[in-house]
Trainee: 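Just passing along the structure, written as structure tokens.
Hydrogens, waters and symmetry mates are skipped; everything else that's a heavy atom, side chains included, is used. The first residue of the sequence shown is numbered 1, and numbering continues consecutively from there.
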Amino acid sequence: MFDLMDNLIGNGHQQDANSDMPTTLFVTDADGNILLSNTFTALTIGISLEELLRCNVKDLVKAGAYDDSATLEAIRTKRKVTKVINTNKGFSIRSCSTPILYSDGTVHLIVTMSDENQPESFKTWQGHHLSTHEEMTLLDEFTLNEQSTNIIAESLEMKRILRVCHQVAPFDSKVLLYGESGTGKEVLARYLHEKSERQNGQFISINCAAIPANLFESELFGHEKGAFTGAEFEKPGMLELASHGTLFLDEISEMPLELQAKLLRVLESGESRRIGATKETKLNFRLVCATNRDLNELVEQGKFRRDLYYRINVVPIYIPPLRERPLDIIALSKSFIQRFNEKYHKNYQLNGEETKKLIAHSWPGNVRELRNRIERLVVMTDSGMQEEISAGDFALELYMEQKGYKQDLKSYLAEVERHYISKVLNYNDNNVSKTADQLGIHRSVLYRKLKDVKDFGQQ
């Protein structure tokens with residue numbers, strides 16, 4: 001989609017407001033400073049996302065990037081505003097700006113999205129009392145004391161995301177975190193919980209992809225004793241356990257459709273009923289969801305309920321992949337090195353050559369992959385293991401040269417995996433449990449992989 005939009009911008013073609021295109025997004029403060037946006041919004045005015053995040057909407061209008069602004073009108077009127085905005089690159093976008101107000105009626109944030117992709121009407125938050133300390137914290141140039149959180153945020157992108165999370169946290173607005181796997185969505189969800197007034201309640205995390213379909217309803221809603229075969233005692237569901245706290249639904253795209261309907265009813269009524277129960281239970285939780293898939297596309301395919309999508313997509317926050325945040329790669333690496341040096345009583349230091357490798361790598365597994373990489377580096381330092389792995393990598397490179405680089409990627413990666421597992425297993429004196437733990441995989445997965453590794457050392 002973004003490749004297509006690049007071509008359209010380059011050719012100066014105009015996009016109709018009703019055409020199928022990505023969502024534009026602004027989150028601004030009461031002065032029009034842009035706190036959060038996305039790549040497509042930046043594309044519509046021909047600048048980078050990094051440049052856009054340094055801008056104020058007033059300045060963009062003055063510079064002619066936009067011919068008008070729903071955001072600025074919403075700031076002035078403190079009401080929801082919808083209007084068609086034309087950009088300097090020929091885009092015509094129907095934008096909807098919704099103000100989020102403090103209890104005294106002053107503007108807190110303005111959320112602006114393409115109207116065709118706009119969720120159900122935002123509610124202005126009334127009656128939420130902010131203490132003087134909280135209000136000063138929120139209004140103090142959105143400066144965070146980053147030492148007060150365990151989230152590493154060196155890049156401009158992550159700092160902006162943290163600031164928006166800090167702004168949204170005190171309210172019960174539903175947040176949808178989206179981005180690739182391993183980017184830290186659960187970490188941000190916990191941050192939202194810890195900075196909210198529900199911090200003393202439980203943070204309940206559910207990975208919707210990890211629960212078998214036949215157990216999903218029981219896990220989420222709970223059941224009464226005797227409700228079905230094997231229900232020997234009553235069991236509260238995760239929804240109940242999250243009451244007065246935060247419910248985090250990770251990979252919500254994997255929730256079965258029939259349960260999506262039940263969840264929607266809970267969000268609409270504030271009540272839930274256990275399997276086998278005759279009465280409803282009142283619930284009071286804050287919902288944060290996450291996905292690594294395009295929910296809008298799944299809605300069009302009939303694989304995700306449109307009405308539920310609108311319910312959960314109130315404040316969308318996109319977390320860019322690690323490869324787009326080189327400053328965070330270095331900062332996270334330093335943090336992981338310190339942690340693992342303490343854990344394993346090592347004194348590993350990141351050298352210049354390894355730093356270049358870290359920056360150059362694409363990190364398809366994002367922060368999770370980086371953490372595992374750093375742990376391996378720390379564990380193998382001063383042991384000769386790192387040199388052994390490096391020699392093995394060189395041997396594989398020679399093998400590929402002999403093959404004339406005609407081997408497909410899948411086969412080459414299989415060779416690398418077999419080689420690495422063999423070396424780590426040997427390093428751990430054939431201790432499968434220890435090897436599985438070091439590789440970051442389950443022991444049963446390692447046993448399956450060992451079938452391919454058998455006699456690898458003699459090949």
Side-chain angles (χ1 to χ4, degrees), residues 36 38-39 49-50 53 144 146-166 169 175-195 203 205-210 248-254 288-293 316-344 346 348-350 354-380 413 420 436-442 445:
L36 181 67
N38 62 15
T39 304
L49 179 57
E50 185 174 350
L53 291 173
L144 295 177
E146 293 176 5
Q147 293 180 346
S148 67
T149 174
N150 60 358
I151 299 178
I152 304 297
E154 286 295 325
S155 67
L156 177 63
E157 296 89 340
M158 282 306 298
K159 286 181 178 179
R160 294 285 186 176
I161 289 172
L162 265 186
R163 288 174 181 176
V164 171
C165 287
H166 193 74
V175 176
L176 177 62
L177 303 167
Y178 64 104
E180 295 179 6
S181 294
T183 49
K185 294 186 282 293
E186 182 167 353
V187 174
L188 281 178
R190 287 184 181 276
Y191 178 83
L192 288 166
H193 172 72
E194 291 166 1
K195 297 298 180 181
F203 177 85
S205 176
I206 302 175
N207 187 327
C208 297
F248 175 57
L249 295 180
D250 195 9
E251 298 193 53
I252 192 171
S253 59
E254 307 309 309
V288 179
C289 299
T291 181
N292 60 5
R293 303 183 66 185
I317 298 178
Y318 169 67
I319 308 172
L322 192 57
R323 59 183 172 273
E324 296 178 7
R325 300 184 274 125
L327 287 177
D328 289 337
I329 293 175
I330 300 304
L332 284 165
S333 297
K334 290 180 179 178
S335 176
F336 290 145
I337 288 170
Q338 181 180 357
R339 182 190 308 178
F340 292 125
N341 273 341
E342 292 175 359
K343 180 178 179 179
Y344 298 118
K346 297 279 189 174
Y348 177 78
Q349 300 294 323
L350 197 62
E354 190 60 42
T355 300
K356 291 178 183 178
K357 291 179 181 178
L358 294 178
I359 294 296
H361 189 56
S362 62
W363 301 111
N366 290 292
V367 179
R368 191 178 296 119
E369 181 187 358
L370 176 62
R371 180 186 182 278
N372 290 342
R373 170 73 170 269
I374 296 300
E375 183 173 9
R376 286 196 296 272
L377 289 173
V378 172
V379 168
M380 295 170 189
L413 292 177
Y420 187 69
D437 184 60
Q438 187 170 322
L439 292 172
I441 60 178
H442 194 273
V445 175

Trainee: Which atom pair, heavy atoms only, marks the closest approach of Pro321 to Glu180?
Mentor: CB-OE1, 3.6 Å

Trainee: Specify whether Phe340 and Phe336 have parallel, tilted or perpendicular ring planes, treating 30° as the upper limit for parallel and 60° as the lower limit for perpendicular.
Mentor: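 Answer is tilted, since the angle falls between 30° and 60°.
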
Trainee: Taking all non-hydrogen atoms of both residues into account, name the closest pair between Arg323 and Ser362 and its distance.
Mentor: CB-O, 3.3 Å

Trainee: Going by heavy atoms in the side chains, are Asp250 and Leu177 under 4.5 Å from each other?
Mentor: no

Trainee: Going from CG on Leu176 to CG on Leu249, what distance comes out if it is rounded to the nearest 0.5 angstrom?
Mentor: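 Interatomic distance, Leu176 CG to Leu249 CG, rounded to 0.5 Å: 10.5 Å.
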
Trainee: Mind checking whether Ser333 and Leu370 have side chains closer than 4.5 Å, heavy atoms only?
Mentor: yes

Trainee: NZ/Lys334 to CD1/Ile152 distance, rounded to the nearest 0.5 angstrom?
Mentor: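 Between Lys334 NZ and Ile152 CD1, I get 11.0 Å after rounding to 0.5 Å.
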
Trainee: Would you compute the distance between atom CG of Leu332 and atom CZ of Arg339 and round it to the nearest 0.5 angstrom?
Mentor: 9.5 Å

Trainee: Is the shortest heavy-atom distance from the side chain of Pro320 to the side chain of Ile161 under 4.5 Å?
Mentor: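 Pro320 vs Ile161: side chains touch.
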
Trainee: Which heavy atom of Ala209 sits nearest a heavy atom of Glu251, and at what distance?
Mentor: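 Reported closest heavy-atom pair: CB-OE1, 3.4 Å.
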
Trainee: Are any of the side-chain heavy atoms of Ile319 and Met158 separated by less than 4.5 Å?
Mentor: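 They are in side-chain contact.
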
Trainee: Looking at side-chain heavy atoms only, is the closest gap between Tyr318 and Leu36 below 4.5 Å?
Mentor: no

Trainee: Is there a side-chain contact between Tyr178 and Pro316, using heavy atoms and a 4.5 Å cut-off?
Mentor: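 Yes, side chains in contact.
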
Trainee: Under a 3.5 Å distance rule, please check whether Trp363 uses its side chain to pair with a backbone N or O of Leu358 as donor and acceptor.
Mentor: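 Yes, because the side chain of Trp363 sits within donor-acceptor range (under 3.5 Å) of the backbone of Leu358.
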
Trainee: Relative to the ring of Phe203, is the ring of His193 parallel (under 30°), tilted (30 to 60°) or perpendicular (over 60°)?
Mentor: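 Tilted, since the angle between the ring planes falls between 30° and 60°.
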
Trainee: Nearest 0.5 angstrom please: Leu162 CG to Leu188 CG, how far?
Mentor: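 Output value for this atom pair is 6.5 Å.
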
Trainee: Once rounded to the nearest 0.5 Å, what's the spacing between atom OG1 of Thr183 and atom CG of Asn366?
Mentor: 5.5 Å

Trainee: Which distance, rounded to the nearest 0.5 Å, do you find between the CZ of Arg163 and the CG of Leu53?
Mentor: 10.5 Å

Trainee: What pairs with Glu375 under salt bridge (charged side-chain N to carboxylate O under 4.0 Å, His left out), at least two apart in sequence or on another chain?
Mentor: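 For Glu375 the salt bridge (charged side-chain N to carboxylate O under 4.0 Å, His left out) partners, ignoring immediate neighbours, are Arg371.
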
Trainee: Looking at every heavy atom in both Lys159 and Ala153, which two are closest together, and how far apart are they?
Mentor: CE-O, 3.2 Å

Trainee: Which atom names give the shortest non-hydrogen contact between Ala169 and Lys195, and what distance separates them?
Mentor: CB-CB, 3.6 Å

Trainee: Could you pull out all residues at least two apart from Asp328 that satisfy salt bridge (charged side-chain N to carboxylate O under 4.0 Å, His left out)?
Mentor: Arg325

